[in-house]
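Contents: one structure, followed by commentary.
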Amino acid sequence: MEPTTVTVLPDRDGQRVVRCAGVFDFSTLAPLRAACDTAVAEAGVERLVLDVRGVAFGDSTFLNLLLTLSGACDLRLLGPLPRQLARLLAVTGTGQVLTVEDAAAGQAAE
C-alpha cells in the first residue's frame, strides 16, 4: 500500500494547493485536516484547492472534512477524481455540492 502523504504547495494568487495521496480515513486524516485548517485560517488565502488525483481511498471522515471545508472556504477539488472518490461523491450525492476542476482542463497544481 502506498503511504499517505500531504504536501502544501506555495501559495499563488491567493490560492493554496494541498496535494493529498494515499488512504484517508479516521486514523490517517489528521495531517490533511491540519494543513486545510491552517489554510482556512490564514489571511490572504482566498481559495483552497485539494489535489485529490492521488487519493486511493477516502471514507466518511474524509468526506466530512471536504463538506466542512466547502462551508468554510472556496474549496475546489482538483481531478480527475479517482474511481473510489468519484463513487463516494456519487453515492452520497455530495458531487452536487463540491466543485471539481479537471487538471487537464488547464487548472495547474504545480
If we only count heavy atoms from C-beta on, is the [X] to [Y] side-chain gap below 4.5 Å?
X     : Y     : answer
Thr92 : Leu63 : yes
Arg16 : Val8  : yes
Val52 : Cys20 : yes
Phe24 : Val6  : yes
Pro80 : Arg53 : yes
Val49 : Val18 : no
Leu69 : Val40 : yes
Leu32 : Phe62 : yes

Review point. Does the side chain to side chain contact (heavy atoms under 4.5 Å, CB included) test come out yes or no for Thr94 and Leu66, once each step is laid out?
Key: CA-CA 10 Å; Thr94 53; Leu66 297 180; over 6 Å; no

Check your understanding: Does Gln96 CD have over 12 foreign heavy atoms under 6.0 Å away?
Key ->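 Open.
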
Gap between atom [atom2] of [Y] and atom [atom1] of [X] - 0.5 Å precision:
X     : Y     : atom1 : atom2 : result
Arg87 : Leu81 : CZ    : CG    : 14.0 Å
Leu48 : Leu75 : CG    : CG    : 5.5 Å
Leu77 : Asp51 : CG    : CG    : 10.0 Å
Leu9  : Gln15 : CG    : CD    : 10.0 Å
Arg76 : Leu98 : CZ    : CG    : 11.5 Å
Leu88 : Phe57 : CG    : CZ    : 8.0 Å

Practice item. Provide the full list of side chain to side chain donor-acceptor pair (under 3.5 Å) pairs with a residue in residues 27-41, sequence neighbours left out, each pair given once. Key: Asp25-Ser27, Asp25-Thr28

Exercise for review: Look only at the side chain of Gln84 and the backbone of Gly58, and say whether a donor-acceptor pair between them is shorter than 3.5 Å.
Suggested key: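 Side chain of Gln84 to backbone of Gly58: a pair is present.
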
Exercise for review: Starting from the C-alpha separation in whole Å, work towards a yes-or-no answer on side chain to side chain contact (heavy atoms under 4.5 Å, CB included) for Leu50 and Leu78.
Suggested key: CA-CA 6 Å; Leu50 287 184; Leu78 184 64; over 6 Å; no

Revision key, fill the gap. Residues Val23 and Ala56: closest non-hydrogen pair is CG2-CB, 4.5 Å

